[in-house]
There are 2 protein chains.
Amino acid sequence: MTAHVGERLLTPGEVAALFRVDPKTVTRWATAGRIGSIRTPGGHRRFRESEVKTLLAELTTEANGPA
Amino acid sequence: MTAHVGERLLTPGEVAALFRVDPKTVTRWATAGRIGSIRTPGGHRRFRESEVKTLLAELTTEANGPA
DNA sequence: CATTATTAGGGTAATTCGGGTA
DNA sequence: ATTGTCCGAATTACCCTAATAA
């Protein structure tokens, strides 16, 4: 499965708020390929909500620590 | 690769929702020539669904996947 | 013909980009 | 190596009223 049209997208600021980081940091994650991003024709990034939630869930797993 | 007659057309609002931007932003893309547009006799813009989907796919970066 | 939602158009804040630095 | 901040420039978001679409 590749690009899903109709997926809910989040702005850099929204993702930054979820992770409690600076929007610039989210941009770096995208540049480093740690998170997928969609570019508007103007060059601004949008992020898939489902992927962001997955990443957040992984943080929770990290905090609890696997067995 | 000619214009296909009978191509499904999208409104500025629909395109805006796909990119998670304001409808006015889509209008600016059309004015700047970043996306093709068709004008209704009344002056409202319509966009080709195939072009929009192609644009979304091309501007999409998949960072997740098997190592 | 009347109604409701969307779009056009202009103008002004807010956000994001990109590079460089701490 | 990762994050936060400063800067200028570009892109985007929200304000309004009038016109178009359905």
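First the proteins, then the strands, lettered A, B, ... as listed; each starts at 1.
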- prompt: Taking everything shown except B:R39 itself, do over 12 heavy atoms lie less than 6.0 Å from its CZ?
  reply: yes
message: Taking donor-acceptor contacts at under 3.5 Å, does the side chain of B:K24 reach the base of C:dG11?
response: no
message: Less than 4.0 angstrom between a side-chain N/O of B:T25 and OP1 or OP2 of D:dA13, yes or no?
response: yes
task: For B:G43 and for A:G43, find the nucleotide of DNA chain C with the closest heavy atom, then tell me which residue's nucleotide is more 5'.
output: B:G43
- prompt: Between D:dT2, C:dA8, C:dG18, which nucleotide gets closest to the side-chain atoms of A:R39?
  reply: C:dG18
- request: Report yes if a side-chain nitrogen or oxygen of B:R45 is closer than 4.0 Å to either non-bridging phosphate oxygen (OP1 or OP2) of C:dA8; otherwise report no.
  value: yes
- line: From the candidates C:dT15, C:dG18, D:dA21, the one with an atom nearest any side-chain atom of A:H44 is C:dT15
message: Counting only Watson-Crick pairs (N1-N3 plus N6-O4 or O6-N4) and G-U wobbles (N1-O2, O6-N3), all under 3.5 Å, who is the partner of C:dA2?
response: none
- request: Please tell me which of the listed nucleotides, D:dT12, C:dT16, C:dG19, lies nearest to the side chain of A:P12?
  value: C:dT16
- prompt: Closest to the A:R34 side chain: D:dT2, D:dG4, D:dA21?
  reply: D:dT2
message: Determine whether a donor-acceptor pair (one donor, one acceptor, N or O, separation below 3.5 Å) exists between the side chain of A:R28 and the base of C:dG18.
response: no
- prompt: Does D:dT3 have OP1 or OP2 sitting under 4.0 Å from an N or O in the side chain of A:W29?
  reply: yes
- request: Would you please confirm or rule out a distance under 4.0 Å between OP1 or OP2 of C:dG18 and any side-chain N or O of A:T27?
  value: no
